[in-house]
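Worksheet for the structure shown next.
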Protein chains: 2
Amino acid sequence: MIYVNLRQLRFLVAIHEERSFTAAARRVNATQSGLSMQIKELEERLGLRLFDRSSTGVTPTTAGDRLYERATRILREVSAIENDVQTLSGQVSGRVQVGMMPTFARAVLAPVLERFARHYPNVEIKVTEAYSAVLCEAVTNGQLDMAVVPSGKMVPGLKAEHLATDVEVFVTSPNTKRTHLEPVDLSKNKPLKLALPGPGNARREKIDTYLETYQVPIDSIMELDTMMATLDLVSRSDWTTILPGCLCLPDIDDPRRKLHPIVNPPLVVDYVFIEPASQSKTQAAELFADEIVKEIRTTCTFCNSKLGAADAIAG
Amino acid sequence: MIYVNLRQLRFLVAIHEERSFTAAARRVNATQSGLSMQIKELEERLGLRLFDRSSTGVTPTTAGDRLYERATRILREVSAIENDVQTLSGQVSGRVQVGMMPTFARAVLAPVLERFARHYPNVEIKVTEAYSAVLCEAVTNGQLDMAVVPSGKMVPGLKAEHLATDVEVFVTSPNTKRTHLEPVDLSKNKPLKLALPGPGNARREKIDTYLETYQVPIDSIMELDTMMATLDLVSRSDWTTILPGCLCLPDIDDPRRKLHPIVNPPLVVDYVFIEPASQSKTQAAELFADEIVKEIRTTCTFCNSKLGAADAIAG
DNA sequence: GATTGTTATCATTATTACTGATATCCCTTA
DNA sequence: TAAGGGATATCAGTAATAATGATAACAATC
């Protein structure tokens, strides 16, 4: 009656995401041979091919895609059973491993951590700060339960949810003629010296597109993948940078730098919440996620009102 | 990582529904010993008890109930995979086994069968006419894909959906003073000679309650579990009966009997659609179900307008 | 054409599940 | 109170299933 089993579904999901039996085998701690036989078995039982094989890898057939969708749903529900156990066995506990893009380190993360730790003292929290590619990777292979990253190209095996849209802010040193919080049209500016994150960074790509599209004059660009150093550099030189609103918010009145909403048009960054597609969150993880999401949403709303260019444009 | 497997879930569901390892083992074609070991394994892995055992049988714990809910959902989705295969492999085909309460034999079933067979010539249809208890049993153990029955006490392992509410109609021979389609208040009547289905029949129970509650005077009751004989008896004697509107509709103008909406208050019957809780319908079954449901709903609406007591009460 | 990196296959081994007999428990009944 | 019936648990042996490691076959790349 029931041909399919969970092992086969797990294999199918891994192969589908890795586009390779070999890589999938590595991921699920099995041998390529084993996967090959299991998928063969599954295909024979169902009477249709799930993957087109070649010596360079595999591509899922239509049926393979369809089954992948179902399989992730099923596996997520199965993992929910195991999470239920935690819930049923009483108080909230366990370990939550979260990835965060650097943007949220202060404005968002700190208050959430404080609150959460107070409410759920038995939950062990581990936060990793990294750029989106690293975080996506870590979530995919189960090292992290979830992460918040800037939106970018989708990684297979992840379930993503849009959280909020934030404004990007132009940051300069105090030694300029512009006044603090005055909007700026980057394309009508003298050539910029910009400190930006390196290529590959999701925000960087969006910024590059913006600079090109609106022909923003550039003097030179420095690659700095560290927020702290960037801020420091900007405040003590004529280098400038572009940072997400959420990151700037805690320092909005800091005299060491000036913030300028970007207009014509505004430059924005979208934050997305990612988690493994075929796994459900533990109760602790769910609660933590709720807090994070709430905090990010309110912070972004606040950013938009304080640093958004909406008023500037209208005025 | 993944402890639970589908076999365990299937066992859990069977045991939960049968309230017995032994009976469940029979149902899933396995031994009591095997189930015992699998559930033991599952309980140990999850770290909690799923059933409280006694020598009289077994009762699910809270955790057992919770898991049962999840398990049925998961198994339904897994069976959906297998149904997908049919769908993916092209045209609609397969075998659909439906159970029908006798009420629908003519007014509803015939047109649906005709239409469906024309649209989907490759689907093999098997219809079984029986009373609700038999149909529930057959759906539970997989002999039928689905059934339509009068609402009554819920059987575990079934997923039910309310279809429509129909009026019950008082049926007499032509040799009475009453005029055809004239509403009747049964409690203000001379003692009745009623032919009714035997006890255990779901409609009978509802009728009994009605007769008692509104103190309908009864001369005598005959138990007839055959619609055809009942109709025949009524038309040729002073015996009367109570039948669902849907059943009467095709004969509404037949001079061999008279129909009377029941008022003060109206007596109604609810139809429900049942299917196995832990299995999803094949595409063919889904299409057939849609047709049946649609037909029953329109028929009931029609019944209510033709045979309903609403107007009578208002007037 | 050698090399690298795929997947498929096969015989063997390891693991897992099932079976059937039996033990144990509890409730009912004589 | 003892016997009987019906339930689940346990155990050792067996059967079924899955994983392994080596190898083959193939395609792309250098």
Side-chain angles (χ1 to χ4, degrees), chain A residues 1-61 63-65 67-68 71 75 78 156, chain B residues 1-61 63-65 67-68 71 75 78 156:
Chain A
M1 186 84 192
I2 291 190
Y3 300 132
V4 183
N5 64 47
L6 292 181
R7 186 185 294 105
Q8 289 166 338
L9 295 186
R10 211 154 49 106
F11 287 177
L12 177 131
V13 165
I15 295 168
H16 191 280
E17 287 170 4
E18 299 283 352
R19 293 284 192 272
S20 153
F21 280 62
T22 312
R26 251 195 312 274
R27 191 166 109 186
V28 302
N29 293 314
T31 59
Q32 173 268 327
S33 157
L35 298 224
S36 176
M37 290 197 296
Q38 285 294 327
I39 296 299
K40 180 190 174 191
E41 170 77 9
L42 182 57
E43 289 179 325
E44 280 175 4
R45 286 284 170 81
L46 295 177
L48 37 77
R49 225 161 173 57
L50 299 172
F51 298 100
D52 285 327
R53 281 86 154 165
S54 86
S55 61
T56 69
V58 298
T59 58
T61 62
D65 286 332
L67 246 64
Y68 171 78
L75 292 176
V78 170
Chain B
M1 188 81 190
I2 290 187
Y3 300 133
V4 182
N5 64 47
L6 292 181
R7 186 185 294 104
Q8 289 166 338
L9 295 187
R10 210 157 47 107
F11 287 178
L12 178 132
V13 165
I15 294 168
H16 192 280
E17 286 171 4
E18 300 282 352
R19 294 282 192 274
S20 151
F21 279 63
T22 313
R26 251 195 310 275
R27 191 166 111 188
V28 299
N29 294 314
T31 58
Q32 174 268 326
S33 155
L35 298 224
S36 175
M37 289 196 298
Q38 285 294 330
I39 296 300
K40 180 189 173 191
E41 171 78 8
L42 183 57
E43 289 178 325
E44 280 175 3
R45 286 283 171 82
L46 295 178
L48 38 77
R49 227 161 172 57
L50 299 173
F51 297 101
D52 285 327
R53 282 86 151 166
S54 84
S55 58
T56 69
V58 114
T59 57
T61 62
D65 287 332
L67 245 65
Y68 171 77
L75 292 175
V78 169

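Fair warning: this is a prediction, and the values are worked out from it, not measured in the lab.
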Spacing between A:Gln38 atom CD and D:dT17 atom C1', to the nearest angstrom: 9 Å
Presence of donor-acceptor pair under 3.5 Å, side chain of A:Gln32 and base of C:dA8: yes
Phosphate OP1/OP2 of D:dT17 contacted by A:Asn5 side-chain N/O (<4.0 Å): no
Interatomic distance, B:Ile15 CD1 vs D:dA7 P [rounded to whole Å]: 14 Å
Sugar-phosphate, base or nothing in reach of A:Thr56, heavy atoms under 4.0 Å: sugar-phosphate
Rounded distance in Å - CG (A:Leu6) to P (C:dT16): 15 Å
Phosphate OP1/OP2 of C:dC27 contacted by B:Ser55 side-chain N/O (<4.0 Å): no
Closest contact, heavy atoms only, B:Gln8 versus B:Ile39: O-CD1, 4.4 Å
Below 4.0 Å: OP1/OP2 of C:dT7 and any side-chain N or O of A:Ser20: yes
Main-chain N/O of A:Phe21 paired to A:Gln32 side chain as donor or acceptor, under 3.5 Å: no
Nearest-nucleotide 5' precedence on DNA chain D, B:Arg7 against B:Lys40: B:Lys40
Integer-rounded Å distance: D:dT8 C1' and B:Leu42 CG: 17 Å
d(CG, B:Asp52; C1', C:dC26) in whole Å: 15 Å
Candidate nucleotides C:dA17, D:dA9, C:dT7, ranked by approach to the side chain of A:Arg53 - the nearest: C:dT7
Under-3.5 Å donor-acceptor pair between A:Ser33 side chain and C:dT9 base: yes
First of A:Ser54 and A:Asn29 reached from the 5' end of DNA chain D, by closest nucleotide: A:Asn29
Separation of atom CD in A:Glu18 from atom P in C:dT7, rounded to whole Å: 11 Å
Proximity to the side chain of A:Phe21 - top-ranked nucleotide from C:dT7, D:dT10, D:dT8: C:dT7
Sub-4.5 Å side-chain heavy-atom contact between A:Arg19 and A:Pro60: yes
Nearest-Å distance for atom pair CZ/P, residues B:Arg26 and D:dA7: 8 Å
Ion pair check, B:Arg27 and B:Glu17, cut-off under 4.0 Å: yes
Interatomic distance, A:Glu43 CD vs C:dA8 C1' [rounded to whole Å]: 12 Å
Mutual orientation of the aromatic rings belonging to A:Tyr68 and A:His16 [parallel < 30°, tilted 30-60°, perpendicular > 60°]: parallel
